[in-house]
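A short write-up of the structure that comes next.
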Amino acid sequence: MTVLAKSSAVVAAALAGLAVAWAGDVDGLERAPTYLLLASVLLAVGLVGSTRDISLAEVRAHLGTVLLAVTVGVVAKAALIAGVMVLVFRDPAFLVLGVAVAQIDPLAVAAMSRPDRTSARARSILSIWASFDDPITVLLTVYVSAFALDLGDGDGGALAGAISDRPLDLLLDLLANVAFAAGAWLLWRLLRTAGLREDASRPRLRTALNWLAVALLIALVLTAAWQFLMLGLAVAGLFFRPRLGPVVGRSTQAAYLVATFLLGLLLVNGVDVVPGVVLGLAAVAAQLVVSVPITRGLPATDRRYLAWGQQNGITAVILALVLERDFPGTVGIVATAIVVINVIHALATAVLDRRWPAGPEDAAPRPDADPTPLGASAGQQ
């Protein structure tokens, strides 16, 4: 499916949800008992899809890039966006909105990963950045939401139900996530020991074990969604990887369409244009700022494309659904911001394609630039 076809399907899903909301009574949907669980399941599916794209070998070879992507590329960018929103609107709830749109959508990676646009090194950096920022953004949103509710004299809310502002409860929550990841690792080791290996001499046993691993992965996703153990699931996604073929991509796309349909249902309550536009502009501006240290030493064309690489999709949509229950109006603001961000991304990419096409001088790093991947040493090549 092409990017245009995917975008059309997403718009159609949102319009279908809006049409259903207009035709029926969906008032209070976000407060329904099953709503948060469904949103959490969609979030867990998207999280597994993003972590499966992370190559552990690539992480080891580009450790410096990973650290920058997780700190500057995610945490610092989220802080910049949230800071702008709080300063402009003087509302602690906007801390959460800033974090929710801090990630880069995989569609942007696919669009900018063409060899005629960026160098191999830039594509590697962008891939690592986009793979790590989804789970980190999810975790930041969960914990920042508890902080924002506390600042706003909230009652703790549904999202923060398992995350209290008391240090002991935060510690217990962390230990629960560690236990979840450790349990997943133990299951994976048992499967590998039993014969789930590429070099296994009994292919039928390996196939049966792979199906068992798939069933266990589904159970892990549902358990993580039920108890909101997203940190543990993100860690488990780094190693618990049965062979799934195209199922992961299709499941993630299906989750995106379902989430967009739900977003359309909630858009019947209206959109909040001004905060949405400010949020979108803040996200784009934050991307421009944080790209400077991450793209240091890259050719000029690479730096331009990565600087304008902000684009939002499944994670921002699902986080908006999750947050709507505790922060009413989130969907209307985030939906507006997503439109603003994606329009700016499309226009900037078109301008870059026309005005600064990649040339021979951009095919390789400058002679004075470090030829190794960002943050890697010669021994890591």
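Hydrogens, waters and symmetry mates are skipped; everything else that's a heavy atom, side chains included, is used.
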Starting from [Y], can I reach [X] by hopping between I/L/V/M/F/W/Y residues whose side chains sit under 4.5 Å apart?
{"X": "Met85", "Y": "Leu288", "value": "yes"}
{"X": "Val351", "Y": "Val343", "value": "no"}
{"X": "Val214", "Y": "Phe239", "value": "yes"}
{"X": "Trp211", "Y": "Ile218", "value": "no"}
{"X": "Leu347", "Y": "Val340", "value": "no"}

Could you tell me if the side chain of [Y] sits less than 4.5 Å from the side chain of [X], heavy atoms only?
{"X": "Leu38", "Y": "Leu262", "answer": "yes"}
{"X": "Phe327", "Y": "Leu97", "answer": "no"}
{"X": "Thr349", "Y": "Trp308", "answer": "no"}
{"X": "Leu217", "Y": "Leu244", "answer": "yes"}
{"X": "Ile344", "Y": "Leu281", "answer": "yes"}
{"X": "Thr330", "Y": "Val96", "answer": "no"}
{"X": "Val334", "Y": "Val317", "answer": "no"}
{"X": "Val48", "Y": "Leu220", "answer": "no"}

Atom pair [atom1] ([X]) and [atom2] ([Y]), whose distance is rounded to the nearest 0.5 Å:
{"X": "Ile294", "Y": "Arg296", "atom1": "CD1", "atom2": "CZ", "value": "11.0 Å"}
{"X": "Thr301", "Y": "Leu352", "atom1": "OG1", "atom2": "CG", "value": "8.5 Å"}
{"X": "Ser40", "Y": "Leu222", "atom1": "OG", "atom2": "CG", "value": "11.0 Å"}
{"X": "Asp326", "Y": "Glu324", "atom1": "CG", "atom2": "CD", "value": "10.0 Å"}
{"X": "Ile333", "Y": "Phe89", "atom1": "CD1", "atom2": "CZ", "value": "7.5 Å"}
{"X": "Ser145", "Y": "Arg325", "atom1": "OG", "atom2": "CZ", "value": "13.0 Å"}

Nearest heavy atoms of [X] and [Y], plus distance in Å:
{"X": "Asn177", "Y": "Gly232", "value": "OD1-N, 2.9 Å"}
{"X": "Ala102", "Y": "Ile81", "value": "CA-CD1, 4.1 Å"}
{"X": "Leu80", "Y": "Val290", "value": "CD1-CG1, 4.0 Å"}
{"X": "Leu191", "Y": "Leu209", "value": "O-CD1, 4.0 Å"}
{"X": "Asn312", "Y": "Val101", "value": "ND2-O, 3.3 Å"}
{"X": "Ala148", "Y": "Pro92", "value": "CB-O, 3.5 Å"}

Next on the checklist: Please evaluate residues Val45 and Val221 with respect to the criterion side chain to side chain contact (heavy atoms under 4.5 Å, CB included), reporting the C-alpha separation (whole Å), side-chain torsions for both, the decisive distance (0.1 Å), and the verdict.
Outcome noted: CA-CA 7 Å; Val45 171; Val221 168; 4.2 Å; yes

Checklist entry - Please walk me through it: do Asp353 and Tyr305 pass side chain to side chain contact (heavy atoms under 4.5 Å, CB included)? => result CA-CA 9 Å; Asp353 286 344; Tyr305 275 107; 2.3 Å; yes

Checklist entry - Short question: side chain of Gln287, backbone of Leu306 - any donor-acceptor pair under 3.5 Å? => result yes

Checklist entry - Judged by atom type as modelled, is there a donor-acceptor pair below 3.5 Å linking the side chain of Arg90 to the main-chain atoms of Val86? => result no

Item to check | Check against side chain to side chain contact (heavy atoms under 4.5 Å, CB included), Asp302 and Thr295 | outcome: CA-CA 8 Å; Asp302 287 342; Thr295 62; over 6 Å; no

Next on the checklist: Check the orientation of Phe240 and Trp188. Use parallel for under 30°, tilted for 30 to 60°, and perpendicular for over 60°.
Outcome noted: tilted

Next on the checklist: Between Gln310 and Ile104, does the side chain to side chain contact (heavy atoms under 4.5 Å, CB included) criterion hold? Intermediate values first, please.
Outcome noted: CA-CA 6 Å; Gln310 182 67 29; Ile104 300 175; 4.2 Å; yes

